[in-house]
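What you see is a predicted model, and the numbers here were worked out from it, not measured in a lab. So you know, we letter chains A, B, ... as the sequences are listed, proteins then strands, and number each from 1.
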2 protein chains.
Amino acid sequence: MAAVPNPPESPRRAPTIKDVAERAGLGFKTVSRVLNDEPNVRPETRDRVLAAVAELGYRRNSIASSIRRSDQRTSSIGLIVEDLANPFASSLTRVVQDYARERGHLVLVGSSDGDPGQEAELVGEFGTRRVDGMILVPNGPDQSYLEEERRRGTAVVFVDRPGRGIEADTVVSENAAGVAEAVRHLALAGHTRIAYLGDFESIYTSAERLQGFRDAMAAFGGADPRHIRTGLHDPEQAHRAAAELFALDPAPTALIAGNNLITVGAVHALQDLGIRDRTAFVAFDDLELADLLRPALTVVAQDTAALGEAAARHLFERLADPAAPYRRTRVPVRFEVRSSGAIPAPGH
Amino acid sequence: MAAVPNPPESPRRAPTIKDVAERAGLGFKTVSRVLNDEPNVRPETRDRVLAAVAELGYRRNSIASSIRRSDQRTSSIGLIVEDLANPFASSLTRVVQDYARERGHLVLVGSSDGDPGQEAELVGEFGTRRVDGMILVPNGPDQSYLEEERRRGTAVVFVDRPGRGIEADTVVSENAAGVAEAVRHLALAGHTRIAYLGDFESIYTSAERLQGFRDAMAAFGGADPRHIRTGLHDPEQAHRAAAELFALDPAPTALIAGNNLITVGAVHALQDLGIRDRTAFVAFDDLELADLLRPALTVVAQDTAALGEAAARHLFERLADPAAPYRRTRVPVRFEVRSSGAIPAPGH
DNA sequence: TTGTATGCGTTATCAC
DNA sequence: GTGATAACGCATACAA
């Protein structure tokens, strides 16, 4: 930590359109016209205004502008994810931000950590700032409180899972289909004792993925109930659950992990047990180095780009037409075959 | 994509303090007093106000509030990173967001993609929305344009690398020391032919890391210039450069990758060449599954949490005291020994 | 083509 | 304690 001598300049009052008007020797309404590209301004006058703007370093105060304009729009939207540091969330955020910016909007972000209280607080803060709309990954049993925001004209879109107690535009992944494909892939390699590790069943995505697993397993004689473990919310819990699975007799010969945190714990467990090379494995969610693991990880990859773009699109379409019927979009997943899923069942 | 019947409710005008005042049978200034916890309000009156607030579902319009308040503060800050989807950036964002939120501030985010033009545009958008301050990972040869923002009272903090053409609070990693430690670690395993893959030398962090490499190598007889490759800006370029390195005679026996994108390309190259198990490797930047690779990746991990928190702290301290001397904070890196760095030199 | 009066929802000032 | 009035920076309506 080093201190630099520094001379801070006196913080000046920012110039307003009145300052610009005075400088240009015009009425401030004329300045406003130029700034908003309204017609009926002589090119010459326009130039004078722009010159004054440049000289004073004027920058519009869009905060003041939005308070007065008829639509009350702020050109900003809010995005609430569980954890911004999670690759799923950050990649979603990036896409939403790009989409918004192309339309002149900025994005306010917040992490709820899966806590309904945090979520509601963030919604409140966003509302206070009068965002034009919000996209959220909802948490908890009830999002009906969002009706109030909506009455004020705020657009609401759910992504990753639907909100509860409220109807709204929603974008989700094809969770069940993705897991079903994983099951079929493993069955093709001769596996029948396929285990599943999932998060809390109260979470929409977890429930859908588990359902996909159960339904797909039914075609192959059904899943062994002891081979299904849910309620795993971090890598450590997944690690323990996986270790317990492989202590069973008969032990599973293949494993499906329900999300990326579970994957991390599960692979660690297989590593500890020294059975990474002979246990078939498919992970839901792609991971940055998945193809560099040995065996390379076969994954059900969510299309976060499509998810984010669809959510953003829904939001802006809702802003354009508040009366349109609500829509639910399901985004296909991509089954990425690498090698871990092709490890054959013993004796197959 | 499914359409839901839906009946949208008519968007109502949001209630204002005047509505609340009328409802409570009071002057609106009294309402304002209650909302701002100002003294001189009878508890009884206060209750009447709060009741009316609840009944009407009133929510303060902080946009209107900030336009009028004397300090002009909006309780929002801006954050500009290169790519929000990058783990380094997203983890930084998360920390900044948490720090800001604890202080009642919201965070506007933007990705510059390393383009100075995008960066300046985002700064402009943030300025227009009158953010209280901005934290940025600067790009390009000149950030002096930020002086203008600062004159308006906006706090400016650089993170990851210093801005150019302007003095400001800055937080950077101990880049050179981190690479030097990697070199010493590899030298201890008997390596002398250590290669280095880096990004453009025009990037501050790249230059610092390369310098750290050169200086540390000097203690071991110096680096072979052919074993240093820079200007690698994505995994593909790093992949090719690594392949070329190991086609040399004599080929390096150890490799240091200058950032996470380069690491991905380099490990792929080692994989293709079938020399992952016998080439010592140290990566700058940690990766999610680094410990599950085989060999597990030895890394120089940046402390993104400390980086983000220091940046946020600088920002809020600057807001509290605009006249304080500028500070530059250097955040130590963590050398994470796993196995890839301990692979011995041939015949050692 | 340009300018004036008014109002947005809030905070600041000052009188009651 | 409470409330009227002005003001913030801008957009809207309308007059000139």
Visitor: What's the closest nucleotide to the side chain of A/F28 if the choices are D/dG3, C/dA12, C/dT4?
Guide: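 Looking only at heavy atoms from C-beta outward on A/F28, the closest nucleotide is C/dT4.
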Visitor: Considering heavy-atom distances to DNA chain D, does A/I67 or A/S70 have its closest nucleotide positioned more toward the 5' end?
Guide: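 Upstream on the strand: A/I67.
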Visitor: Starting at atom CD1 of B/I17, determine the distance to atom P of C/dA12, rounded to an integer number of angstrom.
Guide: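 The distance from CD1 of B/I17 to P of C/dA12 comes to 12 Å, rounded to the nearest Å.
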Visitor: Quick check for you: among D/dT12, C/dG9, C/dT1, whose closest atom lies nearest to any side-chain atom of B/T16?
Guide: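 Side chain of B/T16 sits closest to C/dG9.
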Visitor: Where the side chain of B/K29 is concerned, which of D/dC10, D/dA13, C/dA12 is the nearest nucleotide?
Guide: C/dA12
Visitor: Rounded to the nearest angstrom, tell me the gap between atom CG in B/N40 and atom P in C/dA15.
Guide: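 Going from B/N40 (CG) to C/dA15 (P), I get 16 Å.
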Visitor: Taking 4.0 angstrom as the limit, do B/D98 and B/R94 come out as a salt bridge?
Guide: yes
Visitor: Looking only at the side chain of A/Y58 (C-beta and beyond, no hydrogens), which of the listed nucleotides D/dC10, C/dT10, D/dA11 gets closest?
Guide: D/dC10
Visitor: Using whole Å, report how far CZ of B/R73 lies from P of C/dA12.
Guide: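 Answer to the nearest Å: 13 Å.
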Visitor: Parallel, tilted or perpendicular, judged at 30° and 60°: which one describes the rings of A/H105 and A/F316?
Guide: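 Ring orientation, 0 to 90° scale: perpendicular.
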Visitor: Whole angstrom is fine here: how far is it from CD1 in A/I63 over to P in C/dT11?
Guide: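 Those two atoms, CD1 and P, are 14 Å apart.
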Visitor: Any Lys/Arg nitrogen of A/R129 or A/E125 sitting under 4.0 Å from an Asp/Glu carboxylate oxygen of the other?
Guide: yes
Visitor: Quick one: which of C/dG9, C/dT2, D/dA11 gets closest to the side chain of A/S65?
Guide: D/dA11
Visitor: Choosing from D/dC10, C/dG3, D/dT2, which nucleotide comes nearest the side chain of B/R42?
Guide: D/dT2
Visitor: Base, sugar-phosphate alone, or nothing: which one does B/S66 contact when heavy atoms must sit under 4.0 Å apart?
Guide: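 The residue B/S66 makes no contact with any strand.
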Visitor: How long is the gap from CD on A/E82 to CG on A/D115, to the nearest 0.5 Å?
Guide: 10.0 Å
Visitor: Within the distance-only criterion (no hydrogens, no angle test), does the side chain of A/R59 pair as donor or acceptor with the backbone N or O of B/T128 below 3.5 angstrom?
Guide: no
Visitor: Check whether any side-chain nitrogen or oxygen of B/T45 sits under 4.0 Å from OP1 or OP2 of D/dT2, and answer yes or no.
Guide: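 B/T45 to D/dT2 OP1/OP2: side-chain N or O found under 4.0 Å.
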Visitor: In whole angstroms, how far is the P atom of C/dG9 from the CD atom of B/Q72?
Guide: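 Atom CD in B/Q72 sits about 19 Å away from atom P in C/dG9.
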Visitor: With a 4.0 Å cut-off on heavy atoms, is A/S62 in touch with a base, just the backbone sugar-phosphate, or nothing at all?
Guide: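 Touches nothing.
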Visitor: Please tell me which of B/R46 and A/N36 maps to the more 5' nucleotide of DNA chain D, matching each residue to the nucleotide holding its nearest heavy atom.
Guide: B/R46
Visitor: Which part of the nucleic acid does B/R33 contact within heavy-atom distance under 4.0 Å: base, sugar-phosphate only, or nothing?
Guide: base
Visitor: Just the rounded figure in Å: distance from P of D/dG3 to NZ of B/K18.
Guide: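 These atoms are roughly 15 Å apart.
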Visitor: If I take atom CZ in residue A/R130 and atom C1' in nucleotide C/dG9, what distance separates them, rounded to the nearest angstrom?
Guide: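 Roughly 9 Å, once rounded to whole Å.
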Visitor: With respect to the side chain of B/R13, which nucleotide from C/dG3, D/dA11, C/dG9 is positioned closest?
Guide: C/dG9
Visitor: Under 4.0 Å, counting only non-hydrogen atoms across every strand here, what does B/L26 touch: a base, just sugar-phosphate, or nothing?
Guide: sugar-phosphate
Visitor: Return no unless some side-chain N or O of A/S32 is found under 4.0 Å from OP1 or OP2 of D/dC10.
Guide: no
Visitor: Any base atoms under 4.0 Å from A/N61, or only sugar-phosphate, or nothing? Heavy atoms, all strands.
Guide: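 A/N61: backbone/sugar contact only, no base atoms under 4.0 Å.
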Visitor: Which one, C/dG7, D/dG3, C/dG9, comes nearest to the side chain of A/R68?
Guide: C/dG7
Visitor: In whole angstrom, what separates B/R69's CZ from D/dG9's C1'?
Guide: 16 Å
Visitor: Within the side chain of A/R33, is there an N or O that forms a donor-acceptor pair under 3.5 Å with the backbone of A/R46?
Guide: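 No, the answer is negative, given that no donor and acceptor are paired below the 3.5 Å cut-off.
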